[in-house]
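What follows is a set of notes on a single structure, which appears directly below.
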Amino acid sequence: ISFKDHHRYSPKDIDAIVRRFRRLARNEVFREPPLIITTEKDFSRLRNEDWFKPLAASQPFHYLEVSLRLVEG
């Protein structure tokens with residue numbers, strides 16, 4: 001499931017993501033269990049939401065770390 005940049009996630013959005021994850025996790029086609037991945041920026045906003053905290057504790061949410069390196073030339 002993808003969202004546009006600067007999307008403000010709602011409990012309904014996260015519920016849809018978790019439902020899709022659970023459906024995929026039951027699928028025996030995968031060698032490894034699926035992951036829920038978001039950007040570090042979105043995860044940092046989500047983890048401050050009270051409604052998100054119980055979900056984050058019970059589901060495998062992961063985020064991609066973002067870094068910046070300036071290179072001369």
Side-chain angles (χ1 to χ4, degrees):
I1 300 174
S2 62
F3 297 92
K4 292 183 178 184
D5 197 21
H6 303 288
H7 180 75
R8 295 208 38 98
Y9 291 93
S10 69
K12 185 177 178 180
D13 295 329
I14 301 303
D15 183 56
I17 291 168
V18 169
R19 280 186 285 118
R20 168 100 41 106
F21 165 78
R22 288 178 179 161
R23 191 168 49 248
L24 289 171
R26 288 191 302 266
N27 189 334
E28 296 178 8
V29 172
F30 298 106
R31 291 184 187 186
E32 299 291 329
L35 301 172
I36 300 172
I37 302 174
T38 187
T39 62
E40 185 175 19
K41 179 183 85 171
D42 285 342
F43 188 79
S44 67
R45 285 189 295 147
L46 283 168
R47 72 174 162 213
N48 292 322
E49 299 287 349
D50 289 335
W51 55 264
F52 181 74
K53 292 174 185 176
L55 289 170
S58 65
Q59 302 299 320
F61 282 89
H62 301 273
Y63 61 87
L64 301 171
E65 291 184 16
V66 177
S67 64
L68 175 67
R69 182 175 64 156
L70 299 176
V71 178
E72 205 173 311

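I1 and L64 end up in different hydrophobic clusters when Ile, Leu, Val, Met, Phe, Trp and Tyr side chains are linked at under 4.5 Å.
Taking the ring-ring contact (aromatic ring centres under 6.0 Å, His included) definition, one finds that H62 meets it with nothing, sequence neighbours left out. R19 pairs by the salt bridge (Lys or Arg N to Asp or Glu O under 4.0 Å) definition with D15, not counting sequence neighbours. In terms of the salt bridge (Lys or Arg N to Asp or Glu O under 4.0 Å) criterion, residue partners of R45 (sequence neighbours excluded) are, by chain and number, D42. The side-chain hydrogen bond (donor to acceptor under 3.5 Å, both in side chains) check on E49 picks up W51, with sequence neighbours excluded.
To the nearest 0.5 angstrom, I14 atom CD1 is 11.0 Å from Q59 atom CD. Taking OH of Y63 as the start and CD1 of I37 as the end, the distance is 13.0 Å to the nearest 0.5 Å. Here CZ of F52 is found 6.5 Å from CG of L55. Values are rounded to the nearest 0.5 Å.
Classification of the H7-F3 ring pair by plane angle, with boundaries at 30° and 60°, yields parallel. Between F43 and F61, the ring-plane angle classifies as tilted under the 30° and 60° cut-offs.
Every pair passing salt bridge (charged side-chain N to carboxylate O under 4.0 Å, His left out) that includes a residue from residues 51-73 is listed here, sequence neighbours excluded: D50-K53. Evaluation of the salt bridge (charged side-chain N to carboxylate O under 4.0 Å, His left out) test over residues 5-14, restricted to residues two or more places apart or in two chains, returns D5-K41.
Side-chain atoms of E40 come within 3.5 Å of backbone atoms of V66 as a donor-acceptor pair (strictly under, hydrogens ignored).
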